[in-house]
2 protein chains.
Amino acid sequence: MTLSDKNYAFVMHCGEMGSRWGFNRTIGQMCGLLIITKEPMTANEIADALSISRGNVSMGIKELQSWRLIKVQHIPGDRKEYYAPAGTIWDMANRVFEERKKREIDPTLSLLRDNIIEQAHNDDERFAQQQMQEIHDLLETVTKWSAELQRLSPEQLQSLMKLGSGIGKVLDFKDKILKK
Amino acid sequence: MTLSDKNYAFVMHCGEMGSRWGFNRTIGQMCGLLIITKEPMTANEIADALSISRGNVSMGIKELQSWRLIKVQHIPGDRKEYYAPAGTIWDMANRVFEERKKREIDPTLSLLRDNIIEQAHNDDERFAQQQMQEIHDLLETVTKWSAELQRLSPEQLQSLMKLGSGIGKVLDFKDKILKK
DNA sequence: CATTAGTTTCATTGTTTATTGAAACTTAAA
DNA sequence: TTTAAGTTTCAATAAACAATGAAACTAATG
C-alpha cells in the first residue's frame, strides 16, 4: 500500500514535528502513519511505507508502546503482529501530555524539593533558594492542576473547554457566592 | 564568582533538562544560572561560571532573547552588557509555554487546516481527513483555552489555580444555573 | 580617526543521537 | 525436533547537533 500525496505530506510533517513532540523523526512518522491508516499495520508495512529499516521500526514500536500510544492486534490464523493507535486522538494527546510531564517536570520538582529542605549557608544560597521555591510552587500548581483535569469526567471537561471566555465570569460569580 | 555546590547542582540539572524544555544543555544552564544569581551577569562571567567558550555564551544569549527570557541591563560608566531574567518565574514559564505552543502546535494546526479544506479523493483520504479533523479540533480547543488563560487577571488565575478539586463542583453549579 | 574594550560570527571540530542490517532470538507449525 | 516466519538486538556507521576560538565587527573614548 502506498500513501497518497496528501497523506504522505501529513506523515512527513509528523516526522518533522516528532522531535518537538518529545520523540524523534521516525517515531513521529510512525505515529502519524498509524493514525491516518484505517487498518492496523504490520512492522514490515510500516517499514515499506516510510522507507526505513525493519530494525528501526522495531525500536520505534518499543518506544511508542512505552508512551502507550499504540497497541498490538492479532488476526486469527496470521502470525504477524498488527499495530494500531491505542485509543482516540484525545487519549493519545493525554498520554503524550502525561509522559512529558513525567520527563520534563517531575525530575525538576524532585530536585527542587531536595534542595529547598536544606538550610542555606550564605546569601547566595538564600537567594537561590527563594527562586527555587518559586519554581517549585509553580510546578506543583501545574502538576496538581493537570491531575485535576484528568479526574474530570469527559462531560465536565467538555463543559469546561466550551466555557472559553466565560471562565472569568464563572470565577467572579463563585467568588461572590463564597464571600457571603 | 564561583557557585556553591548546591547552586551548581541546580544549574547542571537545568542543563540536563535543557533539551526537554526546548533548548539545549548550555542554554538551560545559562537560564538556570541567571535565575539563581541575584546580580545581573556579564557574558564573560557566565562563560567562566559554566566553563564554556565566550562564543557559545553569545549564541545562548541570542537564543534566550528570542525566547524573551532574559534582558540586557547597563551599568552607568560601564561598557559591558549585563544580563538578567526578563521577569518573574511566572513570566518566564509563560514565555516558554507560549513559545513552545508556537513551535509545537501552530505549524501543525496550519497544515491540518490546509489539508482539511481540500476534497478527499478516495476512502483512504476520507478516513485520514476525519482523523486530521479530530486532531485539528483538539489543538484548536487547546489553543483557544490557553489564550483564554492568558487573558485572565492574575487574581482570577490565582483563584482558578487554587480551585483544585473544586473545579468539578463549580462546573456542575454553573450547569445547574444555566438550565434554569 | 585611531585605539581598544566588548561582542558576534562562522568554519572547523567534537559530541550526541538515529539508523542500518546482519546475527541472535522466539515461537508456531510440519 | 526441525524448519521457517517473524521479531529483536546491537555493533558499526551515518546524520544531526553543539561548542570552540580566531577573525571580523561595533562603538565608546581619547
Side-chain angles (χ1 to χ4, degrees), chain A residues 11-34 39-67 70-84 100 103-104, chain B residues 11-34 40-67 70-84 103-104:
Chain A
V11 170
M12 288 303 118
H13 175 87
C14 290
E16 278 150 42
M17 284 291 134
S19 54
R20 310 205 161 176
W21 280 95
F23 15 81
N24 68 34
R25 188 177 58 231
T26 311
I27 292 177
Q29 290 173 354
M30 289 177 57
C31 193
L33 177 65
L34 289 174
E39 302 301 325
M41 298 180 80
T42 64
N44 277 320
E45 285 169 348
I46 296 171
D48 286 352
L50 302 176
S51 312
I52 57 177
S53 75
R54 190 50 238 283
N56 201 357
V57 172
S58 183
M59 308 262 235
I61 286 168
K62 219 168 63 173
E63 180 78 3
L64 283 171
Q65 279 172 330
S66 88
W67 285 72
I70 61 172
K71 63 181 174 195
V72 189
Q73 286 186 341
H74 285 277
I75 294 186
D78 187 338
R79 235 164 106 182
K80 292 191 280 300
E81 317 221 83
Y82 286 78
Y83 300 95
R100 286 179 71 172
R103 299 173 187 214
E104 298 173 6
Chain B
V11 170
M12 290 301 118
H13 175 87
C14 291
E16 277 150 41
M17 284 292 133
S19 55
R20 310 205 159 178
W21 279 96
F23 15 79
N24 68 34
R25 191 177 58 230
T26 311
I27 291 175
Q29 290 174 352
M30 288 177 56
C31 192
L33 178 64
L34 289 174
M41 297 179 80
T42 65
N44 277 319
E45 286 170 347
I46 296 172
D48 286 352
L50 302 176
S51 311
I52 59 177
S53 75
R54 193 44 240 284
N56 202 357
V57 172
S58 182
M59 309 260 237
I61 286 169
K62 218 168 63 175
E63 180 78 3
L64 283 171
Q65 279 172 331
S66 89
W67 285 73
I70 60 172
K71 64 180 174 196
V72 189
Q73 288 187 339
H74 284 279
I75 293 185
D78 188 339
R79 240 163 103 180
K80 293 190 280 297
E81 316 222 82
Y82 286 78
Y83 300 95
R103 299 171 187 214
E104 299 174 5

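Residue numbers start from 1 in every chain, and the chains themselves are labelled A, B, ... in the order their sequence lines are given, proteins ahead of strands.
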Asks: So, taking the atom named SG in B:C31 and the one named CZ in B:F23, what distance separates them when rounded to the nearest 0.5 Å?
Replies: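 Between atom SG of B:C31 and atom CZ of B:F23 there are 5.0 Å.
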Asks: Let's go through A:Q29 and A:I46 carefully: what are the C-alpha distance in whole Å and the side-chain angles of both, what is the deciding distance for side-chain contact (heavy atoms from CB on, under 4.5 Å) to 0.1 Å, and is it a yes or a no?
Replies: CA-CA 10 Å; A:Q29 290 173 354; A:I46 296 171; over 6 Å; no
Asks: Rounded off to whole Å, could you give me the CD-to-C1' distance for the B:Q73 and C:dT7 pair?
Replies: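 It is 18 Å, rounded to the nearest whole Å.
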Asks: With nearest nucleotides of DNA chain D determined for A:S19 and A:Y83 from heavy-atom distances, which residue corresponds to the more 5′ nucleotide?
Replies: A:Y83
Asks: Between B:N24 and A:K80, which residue's closest nucleotide on DNA chain D lies nearer the 5′ terminus?
Replies: A:K80
Asks: Where the side chain of A:R54 is concerned, which of C:dT8, D:dT7, C:dT19 is the nearest nucleotide?
Replies: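 The closest nucleotide is D:dT7.
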Asks: Answer whether the closest heavy-atom distance between the side chains of A:I61 and A:L64 falls below 4.5 Å.
Replies: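 Not in contact.
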Asks: Looking at every heavy atom in both A:A49 and A:M41, which two are closest together, and how far apart are they?
Replies: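 Shortest heavy-atom contact: CB-CE, 4.3 Å.
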Asks: How many Å lie between CD1 on B:I61 and P on C:dT8, as a whole number?
Replies: 6 Å
Asks: Roughly, in whole Å, what's the span from CE in A:M59 to P in D:dT8?
Replies: 11 Å
Asks: With sequence neighbours left out, what residues match A:E104 under salt bridge (charged side-chain N to carboxylate O under 4.0 Å, His left out)?
Replies: A:R100, B:R100
Asks: Can you confirm whether A:E39 sits close enough to A:Y82 that some side-chain heavy atom of one is under 4.5 Å from a side-chain heavy atom of the other?
Replies: no
Asks: Residues of residues 25-34 of chain A with any non-hydrogen atom less than 4.0 angstrom from an atom of DNA chain C: list those, numerically ordered, please.
Replies: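 The stretch gives A:R25, A:T26 as the residues lying under 4.0 Å from the strand, ordered by number.
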Asks: Kindly state each residue pair satisfying salt bridge (Lys or Arg N to Asp or Glu O under 4.0 Å) with at least one member in residues 74-83 of chain A, sequence neighbours excluded.
Replies: A:D78-A:K80
Asks: Side chain of A:K62 only, please: which of C:dT8, D:dT9, D:dT20 is the nearest?
Replies: D:dT9
Asks: Does some side-chain heavy atom of A:Y83 sit less than 4.5 Å from a side-chain heavy atom of A:V72?
Replies: yes
Asks: Return the nearest nucleotide to the side chain of A:E81; candidates are C:dT8, C:dT9, D:dT7.
Replies: D:dT7
Asks: Once side chain to side chain donor-acceptor pair (under 3.5 Å) is applied, do any residues pair with A:E45, and if so which ones, sequence neighbours excluded?
Replies: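 For A:E45, no residue satisfies side chain to side chain donor-acceptor pair (under 3.5 Å) once neighbours in sequence are set aside.
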Asks: Does anything in residues 41-53 of chain A come within less than 4.0 Å of DNA chain C? Heavy atoms only, and list the residues if so.
Replies: A:I52, A:S53
Asks: Say whether, by atom type as modelled, one donor and one acceptor occur between the side chain of A:R103 and the main chain of B:R20 under 3.5 angstrom.
Replies: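 Side chain of A:R103 to backbone of B:R20: no pair is present.
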Asks: Which nucleotides of nucleotides 22-30 of chain D have their base under 4.0 Å from a protein heavy atom (B), which only their sugar-phosphate (S), and which neither (-), written as one string 5' to 3'?
Replies: -----BB--
Asks: May I have the distance from A:I75 (atom CD1) to D:dA5 (atom P), rounded to whole angstrom?
Replies: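 So the CD1-P distance, A:I75 to D:dA5, works out to 19 Å.
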